[in-house]
Amino acid sequence: TKGLLIGTAFLGGFFGAIFLGKLVDMYGRRLMFLYDLILFIGGILISSLAVSLPMLFAGRFLIGLAIGADLAVSWTLVSEYAPKEWRGFLLSAQFILWGIGAVTSFLVLDALLFSGTIAWRYAFLIAIVPSIIVLVLRAKIPESPRWLASHGKLSLAQKVVTNTGAQISEESLEIIDKTKNITRTS
């Protein structure tokens, strides 16, 4: 059962990256960057409050779905905002931070073992705290200028570039906008 429970999160991640990742291009990076974290928090709540094994599996699947979607969004945002000489480092840092997070969660769970058979519930609930902090921080991230330009919002895209220092030229934004217009008329 433990293996299936862990596998369910990976299965959710697979589907999240494939299917929810497509929503990133449709609805925007910023919106999906917020919604996937809300889905993650929902999965944590369902998992920690589960009264049955199927409910626990559903919560774990939602957590995986959110992580898969987050991969699609975060990698896209890094590639669109970060200077090209920093992109590899930032994407690698994400994996390193996941490892640190995994070790930390094991240490927290180990410290919670005194609470008996419900320690796993506390471990899930504790994960909500950093998730809410990240949600608040993510709310301040503007929409991707490339996404804005590809949806005909060129002036807003240029404003985001100016305000954030994103590494995209106005010429690139105009090319994206023209390409999108050609695609729409074809």
Side-chain angles (χ1 to χ4, degrees), residues 1-82 86-106 108-109 120-151 160 166 180:
T1 304
K2 290 177 189 176
L4 284 174
L5 196 56
I6 293 169
T8 300
F10 283 108
L11 186 64
F14 173 77
F15 286 111
I18 292 174
F19 297 111
L20 296 181
K22 292 182 184 218
L23 299 177
V24 171
D25 289 329
M26 291 171 48
Y27 298 108
R29 282 85 162 112
R30 182 180 188 279
L31 189 64
M32 289 305 298
F33 210 38
L34 295 172
Y35 283 166
D36 69 35
L37 197 50
I38 292 168
L39 182 64
F40 183 78
I41 292 169
I44 290 172
L45 284 172
I46 290 170
S47 296
S48 64
L49 302 173
V51 294
S52 66
L53 201 53
M55 190 174 173
L56 182 58
F57 274 96
R60 293 287 294 161
F61 184 79
L62 286 177
I63 289 170
L65 207 64
I67 290 171
D70 196 70
L71 286 173
V73 181
S74 61
W75 290 354
T76 302
L77 282 173
V78 166
S79 70
E80 291 180 358
Y81 271 113
W86 279 90
R87 289 178 195 152
F89 170 77
L90 291 172
L91 292 173
S92 299
Q94 184 176 19
F95 287 107
I96 292 167
L97 291 171
W98 280 347
I100 292 169
V103 170
T104 303
S105 68
F106 286 122
V108 167
L109 185 56
W120 62 274
R121 290 185 190 274
Y122 294 134
F124 275 119
L125 286 172
I126 287 171
I128 289 178
V129 175
S131 300
I132 290 172
I133 292 168
V134 170
L135 184 63
V136 169
L137 294 173
R138 282 185 180 185
K140 297 176 182 183
I141 296 173
E143 183 56 78
S144 158
R146 288 187 184 180
W147 185 86
L148 290 168
S150 70
H151 285 77
V160 170
K180 197 66 170 182

- Y27 and E143: which non-hydrogen atoms are nearest, and at how many Å? O-OE1, 4.5 Å
- Query: Any side-chain heavy atom of L11 sitting closer than 4.5 Å to one from T8?
  - Reply: no
- Message: Can you pull out every side-chain hydrogen bond (donor to acceptor under 3.5 Å, both in side chains) where at least one residue sits in residues 39-55? Sequence neighbours excluded, please.
- Response: none
- Item | From CG (L71) to CD1 (I18), nearest 0.5 Å | 12.0 Å
- Query: Quick one: CD1 on I67 to CG on L39, what's the gap to the nearest 0.5 Å?
  - Reply: 10.0 Å
- Taking every non-hydrogen atom, the tightest pair across V78 and L90: CG1-CB, 4.0 Å
- Query: Out of curiosity, I44 CD1 to L37 CG, how far, rounded to the nearest 0.5 Å?
  - Reply: 8.0 Å
- Distance, nearest 0.5 Å, that separates CD1 of I38 from CE of M32: 10.5 Å
- Task: Please tell me if the side chains of L56 and W120 come closer than 4.5 Å, counting only heavy atoms from C-beta onward.
- Result: yes
- Contacts satisfying side-chain hydrogen bond (donor to acceptor under 3.5 Å, both in side chains) that involve residues 56-77 (not counting sequence neighbours) are D70-R138, S74-Q94, W75-Q94
- Query: Can you name the closest pair of heavy atoms from R121 and L49 and give their distance?
  - Reply: NH1-C, 3.5 Å
- Should the ring pair W86 and F89 be called parallel, tilted or perpendicular, given that the plane angle runs from 0 to 90° and is split at 30 and 60? perpendicular
- Message: Side chains of F57 and L4, heavy atoms from C-beta outward: is any pair under 4.5 Å?
- Response: yes
- Query: Heavy atoms, side chains only, cut-off 4.5 Å: are L62 and I46 in contact?
  - Reply: yes
- Closest heavy-atom contact between H151 and M26? NE2-O, 3.9 Å
- Quick one: does L23's side chain get under 4.5 Å of L20's, heavy atoms only? yes
- So which heavy atom on S131 is nearest to which on I41, and how close? CB-CG1, 3.6 Å
- Could you check if a side-chain atom of V73 sits within less than 4.5 angstrom of a side-chain atom of Y35, using non-hydrogen atoms only? no
- Note on the structure: dist W147:CH2 -> D25:CG (nearest 0.5 Å) comes out at 9.5 Å
- Shortest non-hydrogen separation from F40 to A66 and the atoms involved: N-CB, 3.5 Å
